[in-house]
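Before any comments, here is the structure.
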Amino acid sequence: MNDTYDVVVVGARVAGSPTAMLLARAGYRVLLLERARFPRDTLSTLLIHQPGVALLKRWNVLPDVVATGCPPIDRASYRVADIHLEGCSWAVDGERAAYAPRRHLLDAVLARAAVAAGAEFREDSTVLDLTFDGDRVTGVRVRTGRTEYTVRAALVVGADGMRSTVAAKAGAPVEVEDPKLTCAYYTYWSDLPRRFRLYEAPGSWVGTIPTHGGATLVGAYFPQHRFKEVRADALGELLGAVGAIAPELREQMAGGRRLERLHGTGDQRNFFRRASGPGWVLVGDAGHHKDSITARGITDAFRQVQLLVDRVGDGLHDPRRLDDALRGFHTQRDAMLTADYRHTLTTAGLAAGKHQLALLRVIAGSAELTDRYFSAMSGACPSDEFVTPELLDLLAAA
């Protein structure tokens, strides 16, 4: 095994594989490590919003994702109280559709793209520790199969999820943290309309997302304080929530069948970790995680990857330039994601207030504003730019 690389990327899913791919395309020698073996599923809302789709297009990976048979999602609906919105996000780089590929397919596509770019990919490889020279990370200690070895690198990228080993070993502090707000359960159902639908009621949220092979993800969110109660009969709770706030969906489900076991979690953490330090950086859920209710995890991981690679540029082998680039990534990552993080926490509160409902009633009266709303949901319209003077005037006149 070669033990010296320019970059070691730990984690080969939606943050790690694109990082390895883009850095390999930039001419760096990249080792991509993944503790699992592909193909393998993982907990996920699946949805790639339009800004994420645009990045797949930019990276020339979108055709491979589409070739998996994943259907385009070009309409969205949202019901809450007496309000019904139906529309679509704005296009980003000409891409109006979202996609929701199963993760065992998407992650494999991304890993293959990294290998095609020149990265070396090792599965069944667990990072045990980091190596240091003073306070600078210089590599990783790895176990692949029964073999333990050390890999040296100018940069170690932690793309290893919410419980990141790289973050723990680097001592990356949590700089922003908020309480867990929801727990979520989902499964896959047959013979449902292939539409992205959202339903909200006090204390409950239900959604459907079409994916491969005629299957539709059907999920429900509940307040975190109900986790133990919900977990005791998670399928019953999911079906009960659907019946209570989306009766037409429940009726449609009666004509289909459940395709898989139930998936779920009560560990929906909300935080920003420090993103970088000497010789190391965190991308994706390793550095920032938020409730999955807005389904922004994959899209925001892609955005972080592009930001990181743009910042690093050709400066990887100059420690001073690299450290400056990583500090800039940290600052820009927080600026890019904070507004959407706060919006997600509001949504995960599962309690649409009267002011929010009044705003939604105004939006429902305009196709243009409805698309703008779904654009804010996707990230095509920055959430802090959603409310315009014109919208405020309409709200005041309502």
[X]-[Y] side chain donor-acceptor pair, cut-off 3.5 Å:
X	Y	value
D310	Q306	yes
T208	T216	no
D334	T338	no
R311	Q332	yes
D291	T182	yes
D6	H317	yes
T150	R141	yes
T370	E86	no
E237	Y185	no
T131	T138	yes
H263	T187	no

Look at [X] together with [Y] and state whether they make a salt bridge at an N to O cut-off of under 4.0 Å.
X	Y	answer
D340	R296	yes
E260	R102	yes
R361	D82	yes
D124	R37	yes
R58	D93	no
R321	D314	yes

Q. Are H343 and T294 close enough, and set up right, to give a side-chain hydrogen bond (donor to acceptor under 3.5 Å, both in side chains), and what steps lead you there?
A. CA-CA 9 Å; H343 170 71; T294 50; over 6 Å; no

Q.
Name the residue from T344, D285, D300 that meets the side-chain hydrogen bond (donor to acceptor under 3.5 Å, both in side chains) definition with K290.
A.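 Only one of T344, D285, D300 forms a side-chain hydrogen bond (donor to acceptor under 3.5 Å, both in side chains) with K290, namely D300.
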
Q. Can you tell which of P51, S383, C381, P382 makes a side chain to side chain contact (heavy atoms under 4.5 Å, CB included) with S375?
A.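 Checked P51, S383, C381, P382 against S375; only one passes side chain to side chain contact (heavy atoms under 4.5 Å, CB included): C381.
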
Q | Parallel, tilted or perpendicular: rings of F272 and Y341 (30°, 60°) | A |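 Because their plane-to-plane angle is over 60°, the rings of Y341 and F272 count as perpendicular.
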
Q: Give the ring-plane orientation class for W59 versus F302, where under 30° counts as parallel, over 60° as perpendicular and anything between as tilted.
A: perpendicular

Q: State plainly whether one hydrophobic cluster holds both V156 and V281, where clusters connect Ile, Leu, Val, Met, Phe, Trp and Tyr through side-chain heavy atoms under 4.5 angstrom apart.
A: no

Q: Could you walk me through whether R96 and C88 pass side chain to side chain contact (heavy atoms under 4.5 Å, CB included), step by step?
A: CA-CA 8 Å; R96 189 80 188 268; C88 185; 3.6 Å; yes

Q | Close side-chain approach of L106 to I298, heavy-atom, < 4.5 Å | A |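 With C-beta onward as the side chain, the pair touches.
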
Q | Aromatic centroids of F227 and F222 separated by under 6.0 Å | A | no

Q) Are Y221 and Q268 close enough, and set up right, to give a side-chain hydrogen bond (donor to acceptor under 3.5 Å, both in side chains), and what steps lead you there? A) CA-CA 11 Å; Y221 287 77; Q268 301 242 75; 4.7 Å; no

Q: For Y149 and T147, run side chain to side chain contact (heavy atoms under 4.5 Å, CB included): C-alpha distance rounded to whole Å, both residues' side-chain angles, the deciding distance at 0.1 Å, then the answer.
A: CA-CA 7 Å; Y149 54 97; T147 303; 4.0 Å; yes

